[in-house]
Amino acid sequence: MLAQWSVLEVLRSNPELLKDVLRKRYMDPSIVDEAYSVDLEWRRIQVELNELRHTHNVVTKMIAQTKDPQERRKLIEEARQLIKRREQLEKRFKELDERRWRLLYALPNLIEEDVPIGEEDAYVPVMYWGKPRVWRGHEEAFLKETRERGFNVDYEVIDWRPVGHADMLENVLKLGDTLKAGDVAGSRFYYLFEDIVWLDFALLLFAIDRLTSKGYQLVLPPYMLRYKVINGVIDVETFKDAIYKIEGEDLYLIATAEHPLAALYAGEEIYDDELPKKLVGVSPCFRKEAGAGNRDIKGIFRVHQFHKVEQFVYSLPEDSRRLHEEIIGNAVELFKELGIPFRVINIPSGDLGACAVKKYDLEAWMPAQGRYREMVSASNCTDWQAFRLGIRLVRRKGMERGYVHTLNSTAIASTRTITAILENFQEPDGTVIIPKALRKYLEPFEAAPKDYIKPRPKRPA
RNA sequence: GCCGCGGUCGCCUAGCCUGGUUAGGGCGCCGGCCUGCUAAGCCGGUGGGGGAGACCCCGCGCGGGUUCAAAUCCCGCCCGCGGCGCCA
C-alpha cells in the first residue's frame, strides 16, 4: 500500500466525508456508498482469488518438476479442476473490477476548506482591480457586485452606452463576420479580419513572452488526443459538452492545451527534485459548447474555436496551494498590464469542475453588458489528473512514491480577451485604443495596427 | 498505404528460435556498512495491488487466444525504426 490516490484514501477511511463533498458539489452522494461497497467486495474477492491462483501456481510448478507420467497426469487433472474454480471467480472479479474503475472514475476531487459552499452564484470575490467605466444605466448593478460584496471599487460613470463587442466587430469596426461563418460552418464560428487578427496574435505573443520570461517552458502540443488520455484529464460532463470527436478514429480535438500538457508525463515518474515543472502551452481550443443553449450566441465570447495560452504546472503535493496562487497571480499581472478592469473570484463548490479542489476565475468588466465576465480560470487539480494518468512522484528521501499535483490556468484566451478590449477601450466614436502592452508585438509588422483600431465603412475582405 | 524488423523494471540490456529455475546483468537512484574526510568497496532496496502480518497475486507496449504452465507460441491493435509507394 504505497502510492495512493487521495480520493480513494478518503473513500476507504471516511466515506461520509466524501459524501459530504459530493453534496457540496450538488452531485448524487449515493455513488460513494456504491463505490465503498464495491471496493470492499473487490478487495475481499481479490484475497480469495489470489489464494486460488497461488494453489494453482504451486501445482503448476510441481508439474514442471515431476518426471513420472502417472503422477504428472494426476497433477494436471488437479490443475484443471483449480482452473475451473478460478475462472468462475475471475469472471466475477473482472466484472467487479470494471465496475470499480467506472465508479472511481466517476468520483470528483475533494474540496479545499476555503472554497465557498453553494451553487454558481455563491462565488466570493477576492480582489478587484482597475477603474471600470460604468454606463449610468449599469451603475446599480455594478454597486451590487462591488460595494454590497464589501469592496469599494473606484469607477468612472459614463453617459454613453458602449457598443457590445459583437456589434463592434460586425457593424462598427466591420472586422468580424459571424453570419457568413454561420453559413459555412455554423453558429459560434467566426471570420476575423485584419486588425483583429493582429490583435489575436499579439495577445498570444504577449502572454507567451511574459510567462517564458518567468521561466515557464514553451510547448506546442498535439491538438488531438486518444480517448484513454483525454478521459484521464477531464470529467464526463466536460467530455459530453465540450469535446469534438474525429469520425472513424480514436481521436478527440483538445478543448484546451491543458489536456495534452497534463498528458505529457502520462505513465511516467517524476523525481521530487525536478518539481515544480512549469509549462506554458499555446494551441487552438475546440469546444462543442453543447450545454450553452442560446447563451452568448452573438459575437465571439462563446465560440467553438479560439486560441489560448495556457499555464500548466506539475508540483509537489505540499506546494500546490502556493503554486495555485502563483498562476492566478500571473494571469492577474497580464490583465493589469493590458489595463482591463477585472476581479478575481473564488468559485463555489457547486460550480467546481470534478477535477479541481479549488478554482479561481478572473473576470473582466464588460462595459456594454454591465457585468464581469470570465476571462481566466485557474484550477488546482491536486492528484486527481495525476492518478488517472499515472503520473507518479518519487521522493529521493526513502524513494517514497505517490502522485504529483497538477494545476492549470488560462494566461490569455484570444477571443474572450478581444471582447474585453473592444468594450473597455472603446471611444464614443467607435475607435478602439490598443493596450500599450501589446505595442511591442505589433511593432514589427507593417500592416499591423499600433495605437488604435478605427471603424471601417465596409468589411475588408 | 504496403513490406521487413523491433517494443522487457527509472535508463541500457539478456532471455524469445526450443513454453516450466526467483525476468539475469549493467547504469542511475535510495538506505546501510566501512572510512579521519574523499574516492573506492561491500550488503540490501528500487513496477502495481491485496493482506494486521507471515506473505500472496498481478506485471515483459495494449487487448485477446492456445496450454497444467506464456516475456517466450498464435491473432488483432498501438507505437518506433528501415525500405517502397503516395502527397504537399
Side-chain angles (χ1 to χ4, degrees), chain A residues 1-13 35-105 107 221-222 224-232 245-246 248-252 260 263-275 277 314 316 383 386-404:
Chain A
M1 213 185 297
L2 296 153
Q4 203 85 109
W5 177 36
S6 59
V7 176
L8 183 57
E9 267 166 15
V10 174
L11 175 71
R12 287 180 178 176
S13 65
Y36 181 83
S37 59
V38 167
D39 181 55
L40 209 63
E41 175 76 350
W42 177 85
R43 287 150 83 184
R44 203 180 62 73
I45 301 271
Q46 196 174 35
V47 171
E48 212 178 312
L49 182 59
N50 285 350
E51 273 164 23
L52 257 167
R53 280 171 170 166
H54 177 60
T55 39
H56 177 254
N57 285 344
V58 169
V59 172
T60 285
K61 266 171 203 141
M62 280 168 69
I63 294 170
Q65 286 159 11
T66 305
K67 299 276 181 298
D68 179 53
Q70 280 282 6
E71 200 60 23
R72 242 180 120 87
R73 223 170 297 135
K74 258 175 71 184
L75 287 170
I76 287 174
E77 190 45 44
E78 193 185 336
R80 283 199 174 119
Q81 294 305 319
L82 282 166
I83 286 174
K84 266 188 205 152
R85 280 173 51 205
R86 194 191 71 186
E87 275 174 348
Q88 280 180 348
L89 204 59
E90 257 167 358
K91 199 174 157 237
R92 258 180 82 197
F93 183 74
K94 200 182 169 185
E95 279 167 18
L96 212 54
D97 189 56
E98 276 164 17
R99 196 162 153 224
R100 177 176 175 267
W101 277 109
R102 256 201 316 279
L103 287 163
L104 290 185
Y105 259 48
L107 291 174
M224 300 179 205
L225 296 171
R226 294 180 200 287
Y227 172 84
K228 213 185 104 187
V229 172
I230 214 152
N231 189 41
K245 185 178 188 335
I246 303 294
E249 303 202 42
D250 178 29
L251 284 174
Y252 296 81
L264 183 57
Y265 288 93
E268 304 206 4
E269 47 187 40
I270 304 180
Y271 281 79
D272 53 357
D273 52 11
E274 297 170 53
L275 294 170
K277 279 184 192 290
Y314 293 90
L316 287 169
D383 59 358
F387 171 73
R388 293 160 70 110
L389 291 168
I391 307 175
R392 283 106 65 211
L393 162 68
V394 184
R395 294 188 193 267
R396 297 256 178 222
K397 197 168 161 64
M399 292 298 277
E400 189 193 307
R401 276 155 189 282
Y403 289 97
V404 302

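Letters A, B, ... mirror the listed sequences (proteins, then strands); counts begin at 1.
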Is [X] touching bases, backbone alone, or none of the nucleic acid, heavy atoms closer than 4.0 Å?
| X | result |
| --- | --- |
| A:Ile83 | sugar-phosphate |
| A:Ala64 | base |
| A:Val59 | nothing |
| A:Leu75 | nothing |

Separation of B:C68 P from A:Met62 CE (nearest whole Å):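 Those two atoms, CE and P, are 17 Å apart.
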
When every non-hydrogen atom of A:Asp272 is compared with those of A:Arg395, the smallest separation belongs to OD2-CA, 3.3 Å

Scan nucleotides 55-65 of chain B nucleotide by nucleotide, 5' to 3', and note B when protein non-hydrogen atoms come under 4.0 Å of the base, S if they reach only the sugar-phosphate, - if neither. -SSS-----S-

Tell me whether A:Arg396 contacts the main-chain N or O of A:Tyr271 through its side chain, where contact means a donor paired with an acceptor under 3.5 Å. no

Distance-only, no hydrogens or angles: does the A:Arg100 side chain make a donor-acceptor pair with backbone N or O of A:Ala35 under 3.5 Å? no

Out of [options], whichever nucleotide has its closest atom nearest the side chain of [X]:
| X | options | value |
| --- | --- | --- |
| A:Thr60 | B:C78, B:G50, B:C68 | B:C68 |
| A:Arg392 | B:G50, B:G10, B:G45 | B:G10 |
| A:Arg401 | B:G47, B:G51, B:C68 | B:G47 |

Toward the 5' end of RNA chain B, which comes first, A:Val47 or A:Tyr271, by nearest nucleotide?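 Closest to the 5' end, via its nearest nucleotide, is A:Tyr271.
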
Kindly indicate whether the side chain of A:Phe93, heavy atoms from C-beta on, has any atom under 4.5 Å from the side chain of A:Glu41.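 Not touching, per the 4.5 Å side-chain cut-off.
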
Going by heavy atoms in the side chains, are A:Glu71 and A:Met62 under 4.5 Å from each other?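 When only atoms from C-beta onward are counted, A:Met62 and A:Glu71 do not touch, as no gap falls below 4.5 Å.
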
I'd like to know if A:Arg72 reaches the base of B:G20 with its side chain such that a donor and an acceptor end up less than 3.5 angstrom apart.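 Result: at least one qualifying N/O pair found.
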
In dot-bracket, 5' to 3', how would RNA chain B read with Watson-Crick or G-U wobble pairs under 3.5 Å, [ ] for crossing ones and | for pairs to another strand? ((((((((.[[[[.)....(...]]]]((((((.......))))))((((....))))..[[[[[..)....]]]]])))))))....

In whole Å, measure the gap between the P atoms of B:A23 and B:G47 for me.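 Their P atoms lie roughly 13 Å apart.
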
Rounded to whole angstrom, note down the P distance from B:G6 over to B:G15. 12 Å

Of all residues at least two apart in sequence or in a different chain, which pass the ring-ring contact (aromatic ring centres under 6.0 Å, His included) check with A:Tyr252? A:Phe239

Is the shortest side-chain N to carboxylate O distance from [X] to [Y] below 4.0 Å?
| X | Y | value |
| --- | --- | --- |
| A:Glu274 | A:Lys277 | yes |
| A:Asp39 | A:Arg43 | yes |
| A:Arg44 | A:Glu48 | yes |

